[in-house]
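All remarks here apply to the structure that follows.
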Number of protein chains: 2
Amino acid sequence: MKNFVRIPRDLGHAIRQARLEKNLTQADLDTRSGVWQEMISKVEAGRGGTKLDTILALLAALELELLVRTRSKGSTSDIDSIFG
Amino acid sequence: MKNFVRIPRDLGHAIRQARLEKNLTQADLDTRSGVWQEMISKVEAGRGGTKLDTILALLAALELELLVRTRSKGSTSDIDSIFG
DNA sequence: TACGTTTATGATCCTTAGACCATATGGAGA
DNA sequence: TCTCCATATGGTCTAAGGATCATAAACGTA
């Protein structure tokens, strides 16, 4: 599993995907991440500006890791058209 | 450039590193990301729980990309991920 | 060392994330 | 259809993020 994150929703998708792959309910994830079920629902749907800490807690609980790296030349993004 | 992000400070480091490589001041980044210089200072230092949106704006402006993926079993230490 | 630039702090005000409880909605199965 | 379980919504309250301005501290360098 490897996904790019450009907008919050991307993260939400990755999180939901990983959670389902592990057969966990949002309540389960709540328990092991310390993030409330209601919050998880929001995050997965990409609703609201979640804090980094919350995201990291969820990723850790799902055994997902986050990476930053220089954008590969091929990848497109709106910023290209603005500052390219 | 490729760094793992486990705690907010990891992101801060990556951001500062990328900014300096591009010879940008925090004020420059402010201009092109829309994120205030004061906020950038905080983020780079890993102080405070920044919102995902703020982070994504900075990464986009620095041409960095964020990825989520399942944690590799040979999970490296922080040191490894930074200097590996 | 004094100046100019860059980065860090501090204060205020407004907005919102997050803790928390309750409930509504949605889906799968008996 | 009626239950169960899962997920989404909604409200309250508090702590904190973020916009913004001003300034202090740090760093280079002439």
Side-chain angles (χ1 to χ4, degrees), chain A residues 1 3 5-66 68 70 77-79 82-83, chain B residues 1 3 5-68 70 78 82:
Chain A
M1 196 274 241
N3 294 52
V5 180
R6 304 233 156 73
I7 54 175
R9 170 169 309 177
D10 295 337
L11 250 185
H13 285 161
I15 287 173
R16 164 160 293 176
Q17 188 185 328
R19 177 174 64 79
L20 293 178
E21 271 168 18
K22 287 180 176 296
N23 288 308
L24 296 175
T25 68
Q26 292 183 344
D28 293 334
L29 226 198
D30 169 330
T31 308
R32 45 178 91 181
S33 68
V35 177
W36 267 245
Q37 179 265 313
E38 297 87 332
M39 209 24 71
I40 297 174
S41 167
K42 271 183 159 185
V43 172
E44 289 189 347
R47 260 174 291 123
T50 321
K51 278 197 282 177
L52 221 212
D53 318 72
T54 304
I55 298 293
L56 291 178
L58 290 175
L59 295 181
L62 287 169
E63 299 182 282
L64 292 176
E65 62 187 9
L66 202 58
V68 219
T70 43
S77 163
D78 6 359
I79 217 72
I82 300 173
F83 299 107
Chain B
M1 197 272 243
N3 292 34
V5 180
R6 304 230 156 75
I7 55 175
R9 217 178 63 207
D10 295 338
L11 250 185
H13 285 162
I15 286 173
R16 163 160 294 174
Q17 188 184 327
R19 176 174 65 78
L20 294 178
E21 272 169 16
K22 287 179 176 296
N23 289 307
L24 297 174
T25 68
Q26 291 183 346
D28 294 333
L29 225 199
D30 170 329
T31 308
R32 45 179 92 182
S33 68
V35 178
W36 268 244
Q37 179 265 313
E38 296 86 335
M39 209 26 70
I40 297 173
S41 166
K42 271 184 159 184
V43 172
E44 289 189 347
R47 259 174 291 123
T50 321
K51 276 196 284 177
L52 222 213
D53 318 75
T54 304
I55 298 294
L56 291 178
L58 289 174
L59 294 182
L62 287 168
E63 299 182 281
L64 293 177
E65 61 187 11
L66 202 59
L67 295 97
V68 219
T70 42
D78 292 323
I82 294 170

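By convention in this document, chain letters (A, B, ...) are assigned in the order of the sequence lines, proteins followed by strands, and residues within each chain are numbered from 1.
Within the 4.5 Å cutoff, side-chain heavy atoms of Leu62(B) are placed close to those of Leu29(B). Between Leu58(B) and Met39(B), every side-chain heavy-atom pair lies at or beyond the 4.5 Å cut-off. Inter-residue side-chain proximity for Asp10(B) and Asn3(B) is flagged as unmet; no heavy-atom pair is nearer than 4.5 Å. You'll find the side chain of Leu56(B) reaches within 4.5 Å of the side chain of Pro8(A), heavy atoms only.
Atom CD1 of Ile55(B) is separated from atom CG of Leu11(B) by 5.0 Å, given to the nearest 0.5 angstrom. Atoms OG1 and CG, on Thr50(B) and Asp53(A) in that order, are 7.5 Å from each other to the nearest 0.5 Å.
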Write out a two-atom table: protein N or O, nucleotide N or O from nucleotides 28-30 of chain C, distance below 3.5 Å.
none

Contacts table for residues 14-21 of chain A: side-chain donor-acceptor under 3.5 angstrom, sequence neighbours left out:
from     : atom 1 : to       : atom 2 : distance (Å)
Arg16(A) : NE     : Glu44(A) : OE1    : 2.8
Arg16(A) : NH2    : Glu44(A) : OE1    : 2.8
Arg19(A) : NE     : Glu44(A) : OE2    : 2.6
Arg19(A) : NH1    : Leu24(A) : O      : 2.9
Arg19(A) : NH2    : Glu44(A) : OE1    : 3.0
Arg19(A) : NH2    : Glu44(A) : OE2    : 3.4

Going 5' to 3' through nucleotides 5-12 of chain D and flagging B where a protein heavy-atom sits under 4.0 Å of the base, S where only the sugar-phosphate is that close, and - otherwise, we get -SBBBB--

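Counting only residues at least two apart or on different chains, no salt bridge (Lys or Arg N to Asp or Glu O under 4.0 Å) pair has a member in residues 23-39 of chain A.
Thr31(A) pairs by the side chain to side chain contact (heavy atoms under 4.5 Å, CB included) definition with nothing, not counting sequence neighbours.
Around CZ of Arg9(A), the count of heavy atoms belonging to other residues, nucleotides or ligands within 6.0 Å does not exceed 12.
Atom P of nucleotide dT16(C) and atom CG of Leu52(B) are separated by 17 Å, given to the nearest angstrom.
A rotation axis mapping the C1' atoms of four pairs onto the next four is fitted at both ends of the helix from dT1(C)-dA30(D) to dA30(C)-dT1(D) over five pairs, and the angle between these axes is 50° to 10 degrees.
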